[in-house]
There are 2 protein chains.
Amino acid sequence: MPPGLKDVAARAGVSIKTVSNVVNGYTHVSADTRARVQEAIDALGYIPNAAARQLRTRRSGVIALAVPELQSPYFAEMAGLIVQAAERRSWTVLIDQTDGQAERERNLVAGLRRHAIDGLIFSPLALAGEELSRGGDTPMVLLGERVWHGPADHVAIDNTEAAADATRHLCGLGRRSVAAIGAQDFASAVTAHQRLAGYRAAIEEAGLAWDPLLVARVERFHRADGAAAMAALLQRPRRPDAVFCFNDLLALGAIRTLLEQGVRVPEDVAVIGFDDIEDGRFSTPTLSTVAPDTARIARLAVDLLAERLGDGPAASDAPREVRVAHRLVVRESTAG
Amino acid sequence: MPPGLKDVAARAGVSIKTVSNVVNGYTHVSADTRARVQEAIDALGYIPNAAARQLRTRRSGVIALAVPELQSPYFAEMAGLIVQAAERRSWTVLIDQTDGQAERERNLVAGLRRHAIDGLIFSPLALAGEELSRGGDTPMVLLGERVWHGPADHVAIDNTEAAADATRHLCGLGRRSVAAIGAQDFASAVTAHQRLAGYRAAIEEAGLAWDPLLVARVERFHRADGAAAMAALLQRPRRPDAVFCFNDLLALGAIRTLLEQGVRVPEDVAVIGFDDIEDGRFSTPTLSTVAPDTARIARLAVDLLAERLGDGPAASDAPREVRVAHRLVVRESTAG
DNA sequence: TTGTATGCGTTATCAC
DNA sequence: GTGATAACGCATACAA
């Protein structure tokens, strides 16, 4: 049975209120009393009971981070950064893996954890638009651009523009047959839609013909999907001389297929990805990519949540959209 | 203000005890009452208050998983699998990133979260031996082999034997100058020590001379360390014709350096890693490796913890060590 | 089978 | 500056 406020109070010869004051850094405590209480706390190894505290204050000091999957290096990195940012506010982060399942995401938004978490940072995959607003009362910050302007804050890079930048880079290399890997059909695939739009805009801007046969669809954004999509692309009549992949994993998979089939990268086909995960810095060839300012995204997400959680004036302001910078990173896979 | 037991009871015209019974699936409730209560629960959207429940039962339904870093694909995968396994017991997993910092690991073991979590699954990096037993009362399952036999359960593969298997594979290829990347000096680097021991055993078993100059030390197990270590190895007088890397990230970094310097893999240097992360299946060349049965490790870790947590007879048994299988996966990087 | 009453460890409102 | 005491929402011993 761990010691409680009561035990500390008894040992220090004061009331529990005084101990509580000391624990919570209340200022109006005489130095003498404070010292005595502190001594008792140390001696007993007192640790405040989180449950009791939460029951009273309705605050758990825990925020949830919901991502589609931790296996994806981008989300893993994001998770690590958010944990770090949260730590500076002494928040604990509960990481939730949705596996992109609509039902799980819905539960999250509905607030099935309502009592347990103070806020939610959410990177939705299966949910979009209004469904995201059927929310409980838990403050939420969305990661990734939304087309719809709902009641939640969100922070993201300009996906469409970033995709256009990547595509422009390929066109600027003199490539005339620029393919895309990563298109998705379902309505909630906002990221895929936006990157496709950026790709198309840049293609047309370069005076190239829009060719649907150069666009490969994928189920998910994994290496295996990229590999399969690339194989399909190579089957088609018009063979591309460049590929924009909607994320780095797709690109790494695509490169694998190309090399396997004796196609040189970047000489025959230039490949660019998206996310700037660490893998791309050590692959052969190293991977050109679009680098979002992930550290900044993480920091801003936590900051926005903190503002909502604070009882300050900003807590009830209109939802904000924060745009974060991205930059092009040119490496071997397009440096031909 | 979310509804409580009281509100549900009022609406259903019963006492809170009855509602509580229904919520907790107590069997002796008349079908009629149960239906009425359930209706009220649904209508009000009642969700039990986790804090209050925990205050009473001293159980939070949350277990912590502490890993050095989520960015590492192996730990990310492990985390995902453990979350899945825990889900089947309706446990929530709180993921803690220690960054390999001794202080953080110490806090964990000391139980600074004591009140908040029911159990801990821990993959220590900076702590070893006795320090791991200075534990609180929170049940703990250790991931990764320990030399010392402390008071906690642990589940792991036979690191030494697995490392020997990898090295034997290289020797079996006829390579005579087999290097190792991943040695570490500090005492708590149990994994590195064991893999080095396995490597050495296999080297001597093959009748090769033990050459300390073929062993490269690393700070951490990242791609960059592998790349740097390989570069150092190439500088030394005796150039290796094979390398056993203590994990896949090191191997991928090493391969990058080799290819960059025009050394062919596997023709000139065969490379094998450890962990079987997804990257290795799509890299060029694809990566030979030792594959631990990670899914089984995850499942067993959760099972062991469950036994400790259960109030059954097994709860106070002596600590168990569970050994999990591994297998060699031969891919292009050694298939020369 | 169901209801009443008590306490889990805190914080917060009042007195003193 | 400090102490007594009432909640917070739930589970459960005990009664009915």
Side-chain angles (χ1 to χ4, degrees), chain A residues 1-38 40-41 44-62 90 111-118 137 311, chain B residues 1-41 44-62 111-118 137 311:
Chain A
M1 197 69 153
L5 235 31
K6 215 182 312 185
D7 306 290
V8 178
R11 187 179 216 274
V14 298
S15 82
I16 62 167
K17 176 56 171 34
T18 304
V19 180
S20 177
N21 283 341
V22 171
V23 170
N24 294 303
Y26 186 62
T27 42
H28 300 288
V29 182
S30 77
D32 177 48
T33 328
R34 176 180 300 278
R36 248 190 10 265
V37 170
Q38 190 59 53
I41 288 177
L44 266 43
Y46 167 75
I47 301 174
N49 182 311
R53 186 174 269 180
Q54 180 186 351
L55 185 56
R56 270 307 300 206
T57 62
R58 311 187 141 280
R59 278 284 164 84
S60 62
V62 176
S90 357
L112 283 198
R113 283 210 203 293
R114 192 189 319 183
H115 299 297
I117 63 170
D118 298 341
D137 30 357
D311 305 305
Chain B
M1 198 69 151
L5 234 33
K6 214 181 315 182
D7 305 292
V8 178
R11 187 179 217 275
V14 298
S15 82
I16 65 166
K17 173 61 169 30
T18 304
V19 180
S20 178
N21 283 342
V22 171
V23 170
N24 294 305
Y26 186 61
T27 40
H28 300 289
V29 182
S30 76
D32 177 48
T33 326
R34 177 181 299 278
R36 247 189 12 263
V37 170
Q38 191 58 54
E39 184 277 332
I41 288 176
L44 265 42
Y46 167 76
I47 301 173
N49 182 312
R53 183 174 274 180
Q54 181 187 350
L55 186 56
R56 267 308 301 224
T57 62
R58 309 186 142 279
R59 277 282 166 87
S60 62
V62 176
L112 283 199
R113 284 209 203 293
R114 190 187 322 181
H115 299 298
I117 62 170
D118 298 340
D137 30 357
D311 305 306

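Chain naming here is simple, since letters A, B, ... match the order of the sequence lines and numbering starts at 1 in each.
Taking side-chain N and O atoms only, Ser30(A) has a distance below 4.0 Å to OP1 or OP2 of dT2(D). The shortest distance between the side-chain N/O atoms of Thr18(B) and the OP1/OP2 oxygens of dT2(C) is not below 4.0 Å. The phosphate of dG1(D) (OP1 or OP2) has no side-chain N or O of Thr33(A) nearer than 4.0 angstrom. Between Asn21(A) and the phosphate of dG1(D), there is no side-chain N or O to OP1/OP2 separation shorter than 4.0 Å.
Between His28(B) and Arg56(B), the residue anchored nearer the 5' end of DNA chain C, judged by the nucleotide with its closest heavy atom, is His28(B).
Looking only at distances, no side-chain donor or acceptor of Ser60(B) sits under 3.5 Å from a matching main-chain atom of Gln54(B).
The side chain of Asn24(B) lies closest to dA11(D), out of dA11(D), dT2(C), dT10(C). Here dA5(C) is the nucleotide among dC8(D), dG9(C), dA5(C) with the atom lying nearest to any side-chain atom of Ile16(B). Out of dG3(C), dT11(C), dG3(D), the shortest distance to the side chain of Lys17(A) is found at dG3(D). Side-chain proximity of Ser20(A) to the nucleotides dT12(D), dG3(D), dT11(C) is greatest for dT11(C). The nucleotide whose nearest atom lies closest to any side-chain atom of Arg58(B) is, among dC8(D), dA12(C), dC8(C), dC8(C).
The structure places CG of Leu5(A) at 9.5 Å from OG1 of Thr18(A), a figure rounded to the nearest 0.5 Å.
Rounded to whole Å, atom P of dT2(C) lies 15 Å from atom CG of Leu5(B). In this entry the distance linking NZ of Lys6(B) with C1' of dC8(D) reads 9 Å, nearest Å. Straight-line distance from the CZ atom of Arg36(A) to the C1' atom of dG1(D): 12 Å, rounded to whole Å. In this structure, CZ of Arg53(A) is placed 18 Å from P of dC8(C), rounded to the nearest angstrom. Following rounding to the nearest Å, Tyr26(B) (OH) and dT12(D) (C1') show an atom-to-atom distance of 10 Å. Rounded to a whole Å, the CZ atom of Arg34(A) is 13 Å from the C1' atom of dT2(D). Here the P atom of nucleotide dT12(D) and the CZ atom of Arg59(B) are 12 Å apart, to the nearest Å. As a whole-Å value, the separation of Asn49(B) CG from dA7(D) P is 18 Å.
Ion pair Asp32(B)/Arg36(B) flagged as a salt bridge, since at least one NZ, NE, NH1 or NH2 atom sits closer than 4.0 Å to an Asp/Glu carboxylate oxygen.
Across all their heavy atoms, Arg53(B) and Asn24(B) have their closest contact at NH2-OD1, 3.6 Å.
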Please step through side chain to side chain contact (heavy atoms under 4.5 Å, CB included) for the pair Val62(A) and Asp118(A), ending with a clear verdict. CA-CA 6 Å; Val62(A) 176; Asp118(A) 298 341; 5.8 Å; no

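At the heavy-atom level, Thr57(A) lies under 4.0 Å from the strands shown only through sugar-phosphate atoms. Val14(B) comes within 4.0 angstrom of the backbone, heavy atoms only, and of no base.
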